[in-house]
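One structure below.
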Amino acid sequence: MIDNKTVFKIAQDYGTPTYIYKLEYIQNNIAKLNKYLPNAKILYAVKANPNGAILKFLAQNNVGAEVISLGELARALKAGINPNNISLDGPRQDTELILAAIKAGIKWVSLDSYSQWQLWQQFDYSNLKFFIRLNPDLDPKTHQHLATGAAESKFGMTLEESHVVAKDLKAKGQLAGFHVHAGSQISDFSVYDEVLARLKPLFEKYGGAHINIGGGFHVPDFDFEAFATIMHNFSKALGLKIVTEPGRYLVADSGFLLTKVLHKKTGALDHLICDAGMADLIRPALYNGVHPITAIAKSGNENIYDVDGPLCENADRLGRGIKLPELDSGDLLLVSQVGAYGFTMSSNYASSFRPAEVILTNNGTKLVKKRETVEDLLRLELD
Ligand code: LLP
């Protein structure tokens, strides 16, 4: 956690709402991954949190990147991530993105569709290795918005398409291997057993040196040791190197959202109206995401609150039925486990200003992204 003195100082110096990151937690998560998957290539899913300070820190710790857009590619390169450690994934891969990836000299691509493979034929891709992303056609047992491995989801190629493209790539000597990202917040290990069972015949038939198992590890309690055993057995039997693309697992616990109580309302439910809500952290509204909420420097009698945002929409909420000490206007709350898919999914809904971002340093704090202002909101508007 973060000590109260620092929290008050951040509120005073930078205002609220503000995202606060503790890089030490990211370091611990990298260490855990390196411990359990010692020879694996870690490609951080930039979408989880593209903040430049975090990307730089990951680059310094030898972590690569999984990118899906021009913006993510640019940010990964700017942070100093080696192009050899960048994979272009995702359903987009249009002409502009393909050209940018070739120009940047990245090494890996994960093909998401047969149509993408046809488009790649128009370009010189001789320096690249390709993964084939298989749609594993299974139930990843997670929230429906996060279930990318279901047959009806838009992700990956069918088995038939995978065979066609694998044959091509094998003949060209450019097959990196096969890739499945079955979903996010996966905790049931039978999902990985099923994924590997689907991939085995493909590796046996076409070879490929790498298995890309995607990301999706459940936070906060993924059993990495057990997962590593499954992966090691599989990769050893087939002589494969492991590639993984964790997003949330690396950064979720490093992030905190500091918000101030603006108003208290009592009624059928007691509400705390805070200065952060769905525009700052959309996970509770979009996925029923649960993020622990604690009060800063308050104790005593507890009450049950709806912790709400400041906007005119009933989904504008940070948490429901939250037990907290008696609070009032001006009190501070810290929402934790928001380092992944927090700021990056924030929006200007209701012309909200996106929050500031601060990292904790050895001797204090550092502002790494300024809070937006009215000028930022109007910057691209033309008369
Ligand atoms: N690899 C691929 C191809 C992905 O599409 C994703 C995430 C990842 C890796 C990283 O997944 P992670 O380890 O972070 O679960 N906005 C949602 C999560 C969407 C994830 C999309 N793809 C949320 O807030 O839960």
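For ligands, and for the atoms within them, numbers begin at 1 and follow the listed sequence. Since this is a predicted model, take the numbers as computed values, not measurements.
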Go through ligand 1 atom by atom and flag the ones less than 4.0 Å from a non-hydrogen atom of [X].
{"X": "Asp89", "result": "3 (C)"}
{"X": "Pro246", "result": "13 (O)"}
{"X": "Ser184", "result": "11 (O), 12 (P), 15 (O), 20 (C)"}
{"X": "Ala45", "result": "8 (C), 9 (C), 10 (C)"}

With the side chain counted from C-beta on, respond yes when [X] and [Y] share a heavy-atom pair under 4.5 Å apart, and no when they do not.
{"X": "Leu281", "Y": "Tyr19", "value": "yes"}
{"X": "Val358", "Y": "Asp13", "value": "no"}
{"X": "Gln116", "Y": "Val109", "value": "no"}

Nearest-neighbour protein heavy atom for atom 17 (C) of ligand 1, which is reported as residue plus atom name and distance: Tyr287 OH, 3.2 Å

Minimum-distance protein heavy atom relative to atom 24 (O) of ligand 1: Arg283 NE, 2.6 Å

Member of Leu258, Asp3, Ile296 meeting the side chain to side chain contact (heavy atoms under 4.5 Å, CB included) criterion with Phe8: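 Of all the options given, the one that passes is Ile296.
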
Of the backbone atoms (N, CA, C, O) and the side-chain heavy atoms from C-beta on, which set of [X] has a member under 4.0 Å from an atom of ligand 1: side chain, backbone, both, or neither?
{"X": "Arg133", "value": "side chain"}
{"X": "Leu146", "value": "side chain"}
{"X": "Glu66", "value": "side chain"}

Check against side chain to side chain donor-acceptor pair (under 3.5 Å), Arg283 and His291: CA-CA 9 Å; Arg283 300 202 72 263; His291 296 272; 3.0 Å; yes

Pair listing, side chain to side chain donor-acceptor pair (under 3.5 Å) test, anchored in residues 48-76, at least two apart: Tyr21-Asn49, Gln27-Asn61, Lys47-Glu66, Asn51-Glu357

Tyr206 and His163: CA distance, side-chain angles, deciding distance, side chain to side chain donor-acceptor pair (under 3.5 Å) verdict: CA-CA 9 Å; Tyr206 300 102; His163 277 288; 2.8 Å; yes

Heavy-atom nearest neighbour of atom 6 (C) of ligand 1 within options Met345, His179, His181: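 The residue whose heavy atom sits nearest atom 6 (C) of ligand 1 is His181.
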
